[in-house]
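Within every chain, numbering begins at 1; the chains are lettered A, B, ... in the order of the sequence lines, protein sequences first and strands thereafter.
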2 protein chains.
Amino acid sequence: MGDDTAVNPRHNKAEVFARLRDAHAREVTEDYVEMIGDLIAEEGEARSVALAERFGVTAATVNNTIKRLERDGYVTSRPYRSIFLTEKGETLAKKCRARHQIVYNFLVSIGVDPEIAEFDAEGIEHHVSEETLAVFEGRLDSPR
Amino acid sequence: MGDDTAVNPRHNKAEVFARLRDAHAREVTEDYVEMIGDLIAEEGEARSVALAERFGVTAATVNNTIKRLERDGYVTSRPYRSIFLTEKGETLAKKCRARHQIVYNFLVSIGVDPEIAEFDAEGIEHHVSEETLAVFEGRLDSPR
DNA sequence: AAATCAATTTAGCCTTGACTAACTTTAAAA
DNA sequence: TTTTAAAGTTAGTCAAGGCTAAATTGATTT
């Protein structure tokens, strides 16, 4: 058999979806560290109640998530106190904020309405590879 | 209502994240109906084993998902037989395939490597609004 | 100092989406 | 036709990420 069964690239999507599942697993973490960073910058501290309000979830959900982030080394927290980013969390937050900004600016630059861009960027940012991000960024420098 | 104090957009992210969670809930459904459609087109039928192989998950996972899709009216299936799209499933598959193609073509058109574009499109497609999709499409007609 | 209120935590529940292991059915080979 | 292999199913487990309701803590008021 001319053997297209070996590895037909068109049929070799499994890895794409595996990486997609990985990306999903990182999304909440990325959104949280980014938001915690924003809150610290804007309000001086990150409280559960503010996170719950901004994400539109309950305080209990925030609590669960923060425990997960703490377990994974992104934040530190003490009972009934505000939340802090670790260096690891800080680094991730910085990266995410920059990436978000590039995606948002790119969308606006090609003609997407700023409000729509804000929404779409929130979803898209987690699925943009370094390579694609570089292309977006390059397009910003030299518009058109 | 000149009044930007009413709803400070910077602090009004809750709805963005709610819509993001909705989008997530739809992703697997969309990926499955799209893939089932592809399989029917390419191989004449959609078998569990092919879905499992392409998504890189176990047969048991496919089984669970198909049950959910059936419950939600996207597919029909009988034990030990292949899977069919309902009209609702067919419609969704068609829409998803078209959207995927536009996102992919757009990425390639701005200079993203086709392999990278294939991967990124898989994640991005679920988060592109109608509006942004239209912009992508418009850019394809008149490149540059 | 006590009462109250807001914030936080805890406990328990649910769905999705993954897994393994064991079993059943169908189809193909011997 | 019997055996075997592949495909599909079932049962049970797990983590993530939501929820509600109830308990606790901390801060503010009286």
inquiry  = Ring-plane angle category for B:F136 and B:F106, please: parallel below 30°, perpendicular beyond 60°, tilted otherwise.
reply    = parallel

remark   = By nearest-heavy-atom nucleotide on DNA chain C, the more 5' of A:R21 and A:A46 is A:A46

request  = Assign each of B:A60 and A:A60 to its nearest nucleotide of DNA chain C by heavy atoms, then name whichever residue's nucleotide is nearer the 5' end.
outcome  = A:A60

request  = Could you identify which residues of residues 62-75 of chain A place a heavy atom less than 4.0 Å from some atom of DNA chain D, listed by residue number, or say none?
outcome  = A:N64, A:R68, A:R71

Distance below 4.0 Å between [X] side-chain N/O and [N] OP1 or OP2:
X     : N      : answer
B:T61 : C:dC19 : yes
B:R47 : D:dA7  : no
B:T58 : C:dC19 : yes

Short heteroatom pairs, N/O only, protein and nucleotides 23-26 of chain D, under 3.5 Å:
residue: D:dT24; atom: O2; partner: A:Y80; partner atom: OH; Å: 3.3
residue: D:dT25; atom: O4'; partner: A:Y80; partner atom: OH; Å: 3.2

ask   = Using the benzene-type ring in the case of Trp, are the ring centres of A:H24 and A:H127 under 6.0 Å apart?
value = yes

Ring center gap for B:Y32 and B:Y74 short of 6.0 angstrom = no

task = Report yes or no: do B:V128 and A:V108 belong to one cluster of Ile/Leu/Val/Met/Phe/Trp/Tyr joined by side chain heavy-atom distances under 4.5 Å?
result = no

message = Between the side chains of A:K13 and B:E122, is the shortest nitrogen-to-carboxylate-oxygen separation below 4.0 Å, so that they form an ion pair?
response = yes

Starting from [atom2] on [N], measure out to [atom1] on [X] and report it in whole angstrom.
X     : N      : atom1 : atom2 : result
B:H24 : D:dA15 : NE2   : P     : 21 Å
B:Y32 : C:dT16 : OH    : P     : 13 Å
B:L39 : D:dA7  : CG    : P     : 14 Å
B:L51 : D:dA6  : CG    : P     : 19 Å

inquiry  = Between B:E43 and B:R54, is the salt bridge (Lys or Arg N to Asp or Glu O under 4.0 Å) condition met? List the steps.
reply    = CA-CA 13 Å; B:E43 307 185 353; B:R54 293 207 185 180; 3.3 Å; yes

key: Pairwise side-chain contact, B:T132 with A:I110, heavy-atom cut-off 4.5 Å (strictly under)   = no

query = Taking side chain as C-beta onward, heavy atoms only, is A:N105 less than 4.5 Å from A:E137?
reply = no

key: Name of the residue among A:R99, A:K95, A:R97, A:H100 meeting side chain to side chain donor-acceptor pair (under 3.5 Å) with A:E30   = A:R99

